[in-house]
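Below: the structure, in structure tokens.
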Amino acid sequence: MRRHRPEVLRTPVGIVGVTLLTVLVLLAVLAPLLWGDRATATNTGNMLAGPSPEHWAGTDNLGRDILFRTLVATRLSLVLTLVATTLGVGLGLLLGLAPLLLPQRLGRLVVAFVNVLLGFPSLLMVLFLAVILGVSTTSALLAIGIAIAPPFARLVHALGAGVTERDFVAAARIAGVPPARIMVRHVLPNVAEPLVVNATVTASSVLLAFGGLSFLGIGVQAPQYDWGRLMQDGLAIIYDNPLAALAPGIAFVLTGLAFNLTGEAAAGTFGAKSRSRMRWPAPASPRPGTRDDADLAADRDGLVLDVRDLAVTFPGPDGPIPPVRGVSIALRAGEAVGVVGESGSGKSMTALAVAQLVEEPGRVTAERLAFCATDLRSGRRAAHDALLGTSLAVVFQDPMTSLNPVLRVGTQLGEAARRHQGLTRRQASARAADRLRAVHLAEPERRLRQYPHEFSGGMRQRAMIAMGLMGTPRLIVADEPTTALDMTVQRQVLDVLQEVRREHGTALLLISHDVSVVSSVCDRVLVMYAGRIVEDLPSADLHTQARHPYTRALIGAVPDMTTDLDAPLATIAGQPVDPRHVPDGCAFAARCPLVTDRCRQEEPTLQAGPVGAVACWHVDDPIPAETEEVAVG
Amino acid sequence: MSRLDFEDVTVRYGHHTVLDGVSLSVPAHQIMGLVGESGSGKSTLARAAVGLAPLASGRVLLDGQPVRHQGRRRPIQMVFQDPFSSLDPRMSIGRSIAEALPERLRRAPQRAEIARLLELVHLDPGRAADSPGRLSGGQRQRVAIARALAGRPDVVLADEITSALDVSVQGAILNLVREMQRETGLTVLFISHNLAVVRYVATHVAVMAGGRIVEQGPTAEVFSGPASDYTRELLASIPGPAGGDVRQRSPESGANHDN
Ligand SMILES: Nc1ncnc2c1ncn2[C@@H]1O[C@H](COP(=O)(O)OP(=O)(O)OP(=O)(O)O)[C@@H](O)[C@H]1O
Ligand code: SF4
Ligand SMILES: [Mg+2]
């Protein structure tokens with residue numbers, strides 16, 4: 001994307017928040033210069049006056065103008081808020097990062113310490129500290145700073161731990177980069193966004209807390225004044241002049257709003273970029289007039305999944321980007337269908353669309369999108385969520401981003417079962433242990449108490465599968481469920497999936513780039529290229545009857561136990577299609593050894609053949625022996 | 001010479017023994033495959049060699065000398081499985097590679113060195129300023145290999161470096177690993193769960209189960225006459241027509257393969 005205005009400014013919430021903040025900062029800088037004298041000018045002749053043209057909000061017990069005092073107090077209120085927030089954030093950073101830098105034992109101590117501090121209600125802590133440290137602005141600052149540090153420390157630790165788990169940190173360590181520099185260079189930049197958002201929101205509670213202390217008389221001391229003090233002064237005369245208390249009150253509300261709105265808008269832009277997946281109801285079909293033929297409809301009754309002409313598009317700077325362009329899949333109970341293809345061919349996006357998990361701003365359209373005979377394109381979202389929550393299991397490719405790094409595996413497995421099946425904590429954990437056993441994890445009870453980073457890659461993937469099997473789903477969508485597994489465990493996991501299919505008639509949509517995995521598990525294989533299905537055939541015939549040049553090349557690129565060791569491996573020349581620039585005609589043309597002019601002009605459609613269906617103009621031509629071997633990647 | 005020896009290496013996490021007295025000798029200037037079940041400790045063994053896993057006992061030796069995990073020059077480098085987590089998303093690929101260079105260079109020679117490394121892995125040196133987000137999985141894995149080579153290592157540990165990649169890209173990376181090893185004479189420990197892949201790249205192979213090495217030797221020997229039951233089981237579980245029951249494959253599919 002090209003440079004636009006900052007993302008915070010793209011939403012009305014963000015615009016309001018940032019505008020308010022700007023006004024406040026201007027006030028903080030200018031008000032004392034412009035109106036400082038008038039705010040402190042006493043006038044014994046005009047004490048406790050109500051609103052008048054000279055004093056819009058009236059005067060206080062020394063005859064000083066309340067409106068000007070409120071405006072001038074902006075500086076002190078904001079400065080105190082910022083100092084206390086900075087203090088707390090700094091302390092939180094220290095406490096949060098320390099466990100990641102210190103030796104393990106010491107690190108654990110710090111974590112335990114933070115947890116104890118978290119146990120105190122923060123207001124109590126503030127009062128406690130304010131009393132211990134004595135009554136002064138400095139001690140109030142310290143008290144609030146210390147009170148907000150623990151929750152911030154916990155956030156820093158959780159986010160930081162997620163990043164230090166990642167391989168690039170290990171790589172930097174192996175390269176000899178010292179730990180402190182790794183923190184500054186690799187960890188902090190990768191957690192900065194959520195921390196900034198959180199600090200902004202924290203600032204608004206600091207503002208209130210400080211105001212509260214001043215109001216109680218243990219914050220700012222006279223002759224200094226902030227909004228909290230002004231409010232206290234105003235409260236004494238609230239019956240004579242309500243504005244005296246209201247003016248600083250309004251200042252509080254506006255400032256709190258400014259911080260919160262800005263934080264929220266920033267969080268929104270951050271959230272949109274994060275991996276968290278959001279359910280997206282598929283909008284109604286662009287062609288509402290389409291009817292099912294009566295006999296077709298009857299045939300479609302027994303289908304668990306019935307998808308026709310599914311398309312996913314994302315907005316792009318030069319027009320919409322279509323990673324999926326018209327995919328149809330029908331799955332019966334107990335049936336297993338595999339989807340193979342290169343990365344970027346739209347496999348995962350198809351799976352996400354089926355599970356209604358396409359992220360904003362992606363759009364899913366389909367002529368038909370039905371799960372268990374329920375049309376997912378219309379109807380109540382809550383009803384769909386309930387149906388999908390209990391009947392659809394999704395196993396993702398990347399278990400580390402799907403598992404929460406700071407929660408025990410057992411908690412995460414149990415959570416879904418408790419929500420969707422109403423199990424008690426004990427039942428849920430028994431079920432979770434049973435499911436871990438089902439995916440052949442040894443010592444399930446011990447594993448449940450561990451955190452995701454204590455699992456090996458393959459174990460995490462199995463934990464994800466176990467999570468999908470907590471209920472008895474009608475359909476399992478598994479996106480690369482075995483990429484990190486060795487042959488024996490891969491076999492076991494695939495066997496588990498088969499068992500579930502046999503016992504409960506669960507249908508399986510298995511997505512993989514590994515042709516051999518798909519063909520050993522599935523009844524049928526769909527080969528995807530550039531967002532379309534280019535071949536659909538029974539997996540038994542994959543190695544002998546594949547007709548599309550791309551399918552044949554895919555099979556040829558996999559080394560097996562008879563591959564010639566002296567020759568380089570066959571690779572598919574050229575690059576996969578970039579969904580931003582889908583060519584006219586056959587999308588595979590640029591890499592196809594059989595390409596002709598017709599291929600470049602007309603796009604072939606899926607045509608049924610003797611054993612399946614294939615989209616290619618030259619299906620039965622032999623592939624020339626001298627295919628050039630060019631590395632891809 | 002650059003032989004990597006694990007001598008009686010034990011790694012424990014809490015009360016859980018992950019590596020149980022592993023002795024393994026990775027021959028100099030060869031690619032040794034390491035296969036074994038998930039959780040058997042393959043990654044942990046590699047991580048122990050680079051100081052990412054704590055040794056409870058035993059030693060890791062490079063040409064008979066204990067491996068040091070201090071200082072700027074690290075003779076053992078590692079390439080990781082997941083190309084999406086092995087590069088810092090906030091750093092250009094050029095900077096990621098520069099970080100692994102053993103000595104600090106001035107700007108021009110540094111740029112030249114980065115370009116040389118990128119060319120070595122068949123990437124356009126003009127992309128040094130790109131962020132990893134703009135690269136495909138296969139391209140990122142090439143960057144990760146370039147970064148490992150930047151440290152001028154004697155030994156490279158490759159932990160499942162193709163299992164997250166497409167088969168077509170996997171072929172290209174495997175070709176690259178073989179080519180690289182031939183050109184530089186590196187010693188490589190190549191961890192993979194895919195026996196066909198190990199057979200293709202590795203001259204030697206070691207099989208791990210339950211934190212121990214159950215078998216090691218030249219690849220051809222181990223795969224044609226496995227001595228341990230576990231290895232036999234592994235060989236038997238290769239899925240589908242591409243593996244275990246190759247002998248029953250029809251002749252056409254063999255022909256397909258050569259294109
Ligand atoms: N940081 C850690 N804390 C506790 N236990 C760990 C830690 N890292 C690994 N383990 C344990 O060590 C064992 C071996 O893990 P390792 O990652 O070496 O397996 P692996 O053979 O590479 O498996 P896979 O093929 O699944 O990647 C597992 O039982 C795992 O739970
Ligand atoms: S239609 Fe033409 S270009 Fe496309 S796969 Fe078939 S032969 Fe190749
Ligand atoms: Mg591993």
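All chains are named by letter (A, B, ...) in the order of the sequence lines, taking the proteins before the strands, and each is independently numbered beginning at 1.
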With sequence neighbours excluded, tell me which residues meet salt bridge (Lys or Arg N to Asp or Glu O under 4.0 Å) with A:R173.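 For A:R173, no residue satisfies salt bridge (Lys or Arg N to Asp or Glu O under 4.0 Å) once neighbours in sequence are set aside.
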Test item: [X] and [Y] side chains (from C-beta on) under 4.5 Å apart, heavy atoms:
{"X": "A:R446", "Y": "B:H16", "result": "yes"}
{"X": "B:L235", "Y": "A:M561", "result": "yes"}
{"X": "B:Q170", "Y": "A:P559", "result": "yes"}
{"X": "A:H186", "Y": "B:R90", "result": "no"}

Go through A:P178, A:A175, A:S345 and name the one with the most non-hydrogen pairs under 4.5 angstrom from chain B.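 Option with the top pair count is A:A175.
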Look at A:L441, A:N190, A:V177 and state which one has the largest set of heavy-atom pairs under 4.5 Å with chain B. A:N190
Check the surroundings of atom CZ in B:R232: do more than 12 heavy atoms from other residues, nucleotides or ligands lie under 6.0 Å from it? yes
B:R12 atom CZ: more than 12 heavy-atom contacts under 6.0 Å: no
Passing candidate, side chain to side chain contact (heavy atoms under 4.5 Å, CB included) with B:Y200, options A:L565, A:D564, A:D560: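 Among A:L565, A:D564, A:D560, the one meeting side chain to side chain contact (heavy atoms under 4.5 Å, CB included) with B:Y200 is A:L565.
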Applying a strict 4.5 Å limit to non-hydrogen atoms, the region of A:D578 in contact with chain B is neither
Using heavy-atom distances under 4.5 Å, tell me whether A:A172 contacts chain B through its side chain, its backbone, both, or neither. both
How far does CZ of B:R74 sit from CD1 of A:I174, to the nearest 0.5 angstrom?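 Rounded to the nearest 0.5 Å, the CZ-CD1 separation comes to 8.5 Å.
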Rounded at 0.5 Å granularity, tell me how far CZ in A:R166 sits from CG in B:D82.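 Reported value, rounded in 0.5 Å steps: 7.0 Å.
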[X] versus chain A, the contacting section by heavy-atom distance below 4.5 Å:
{"X": "B:L174", "result": "side chain"}
{"X": "B:R95", "result": "side chain"}
{"X": "B:L135", "result": "neither"}

To check you understand the geometry: which heavy-atom pair defines the closest contact between A:A170 and B:L52, and what is its length?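 Closest pair (atom of A:A170, atom of B:L52, distance): CB-CD1, 3.6 Å.
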If the condition is ring pair (Phe, Tyr, Trp, His ring centres under 6.0 Å), which residues does B:F190 pass it with, not counting sequence neighbours? none
Most contacts with chain A, counted as non-hydrogen pairs under 4.5 angstrom, among B:R47, B:R140, B:M91: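 Max contact count across the listed options: B:M91.
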Let's test your reading of the structure: which of B:P153, B:G171, B:P102 forms the most heavy-atom pairs below 4.5 Å with chain A? B:G171
Indicate yes or no for a side-chain donor-acceptor contact from B:S86 to the backbone of A:F168 under 3.5 Å, with no hydrogens or angles considered.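 It does not hold such a pair.
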Any sub-3.5 Å donor-acceptor pair from B:N175's side-chain atoms to A:L569's backbone N or O?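 Yes, B:N175 side chain to A:L569 backbone: donor-acceptor pair under 3.5 Å.
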